[in-house]
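Below: one structure, written as structure tokens.
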Amino acid sequence: MAIIGEQIILRKRRSNGEPQPNRIRLDKLQAGDELIVEIVVDKKNDVRHWFHFPPEMLEKRQSISFRASNGEVYWLSGLHPKPMLESMARRLLPAPEPKRRGRKPTTAQPIKKTDPNWRKRKRGPKVMKVLIFAPDGYLMAICPATEQAARLTNIRSEAIAKLCKTKRQSFDTGLSFRHWWRKMQKVDITDFTLTVAQYDEMCKRRPSDEQPSE
């Protein structure tokens with residue numbers, strides 16, 4: 001039994017029609033193998049999804065299919081793989097083969113020129129994952145960006161960003177929102193028994209004692 005990795009990089013669609021499903025063939029897998037799939041939805045903004053397929057889910061299948069829409073991934077044919085963190089997937093996948101060491105030919109290297117105004121260049125907006133907690137405090141969804149969380153909850157993205165900062169519950173829905181900090185590698189955000197209080201404690205931040213407000 002082995003763990004096989006598969007990476008899918010999606011290209012930007014030029015047509016406005018319904019997106020076609022993407023198919024992953026399972027020819028390389030043997031009986032009892034597990035599959036970890038990395039789907040790169042937006043390579044520029046580093047939006048990726050990781051999924052884990054146990055052997056019993058792939059049994060008697062020649063391929064698996066999914067559809068990507070608005071930054072989200074939807075698996076077809078009744079598949080429900082477990083979403084994963086990138087750090088967890090990297091630990092499970094076998095280490096890449098080391099590159100062969102050899103003597104490189106000595107060639108003249110071009111002189112790199114440093115832009116003196118590089119500090120003044122404008123950077124794009126920072127994209128952060130958003131964790132959505134139900135009114136009872138348990139984790140219910142993970143969105144790759146604030147815009148996807150806004151579409152899912154029917155709350156304005158500006159309001160969600162404010163709720164992430166103030167750590168209040170939404171007055172209308174009772175939902176709580178938190179940004180995912182990459183430094184919190186010890187937190188498994190695919191564990192849907194995680195509560196908002198536990199996450200705040202792990203981040204060493206306490207929720208505001210003010211009244212819920214949007």
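The first residue in the sequence is number 1, and the count goes up from there.
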State which residues pass salt bridge (Lys or Arg N to Asp or Glu O under 4.0 Å) with [X]; sequence neighbours excluded, sorted by chain then number.
| X | value |
| --- | --- |
| E56 | none |
| R61 | none |
| E86 | R90 |

At what distance, to the nearest 0.5 angstrom, does [atom1] of [X] lie from [atom2] of [Y]?
| X | Y | atom1 | atom2 | result |
| --- | --- | --- | --- | --- |
| Y138 | T193 | OH | OG1 | 7.5 Å |
| F177 | T166 | CZ | OG1 | 11.0 Å |
| I155 | T173 | CD1 | OG1 | 4.0 Å |
| M88 | R91 | CE | CZ | 6.0 Å |
| M128 | C143 | CE | SG | 14.0 Å |

task = Check step by step if side chain to side chain contact (heavy atoms under 4.5 Å, CB included) holds for S176 and R178.
result = CA-CA 7 Å; S176 299; R178 297 291 187 273; 4.2 Å; yes

ask   = Hey, mind stepping through T153 and I160 against side chain to side chain contact (heavy atoms under 4.5 Å, CB included) and telling me if it holds?
value = CA-CA 10 Å; T153 59; I160 292 177; 3.8 Å; yes

Shortest non-hydrogen contact from [X] to [Y]?
| X | Y | value |
| --- | --- | --- |
| C164 | V130 | SG-CG1, 4.3 Å |
| D33 | A2 | OD1-N, 3.0 Å |
| I64 | L35 | CD1-CD2, 3.8 Å |

ask   = If you look only at pairs with a residue in residues 24-51, which of them pass as a ring-ring contact (aromatic ring centres under 6.0 Å, His included), with sequence neighbours excluded?
value = F51-W75

Could you state whether [X] and [Y] fall into the same hydrophobic cluster, counting links through intermediate Ile, Leu, Val, Met, Phe, Trp or Tyr residues with side-chain heavy atoms under 4.5 angstrom apart?
| X | Y | value |
| --- | --- | --- |
| I39 | M57 | yes |
| V37 | L85 | no |
| I36 | V47 | no |

request  = Indicate yes or no: does D42 engage R48 in a salt bridge with an N to O separation below 4.0 Å.
outcome  = no

message = Could you list the cluster mates of V40? Members are the ILVMFWY residues connected by side-chain heavy atoms closer than 4.5 Å, either directly or through other members.
response = I9

ask   = So, the side chain of E72 versus the backbone of S69: is there a donor-acceptor pair under 3.5 Å, distance only?
value = no

In residues 23-31, what donor-acceptor pairs under 3.5 Å come from side-chain atoms, sequence neighbours left out?
from, atom 1, to, atom 2, distance (Å)
R23, NH1, S63, OG, 3.2
R25, NE, D27, OD2, 3.2
K28, NZ, E6, OE1, 3.2

ask   = Would W180 and I142 satisfy side chain to side chain contact (heavy atoms under 4.5 Å, CB included), going step by step from the backbone distance to the final call?
value = CA-CA 9 Å; W180 162 244; I142 306 165; over 6 Å; no

Test side chain to side chain contact (heavy atoms under 4.5 Å, CB included) applied to T146 and H179, step by step = CA-CA 9 Å; T146 307; H179 281 135; 4.3 Å; yes

message = How about CG on D136, more than 12 heavy atoms from neighbouring residues, nucleotides or ligands closer than 6.0 Å, or not?
response = yes

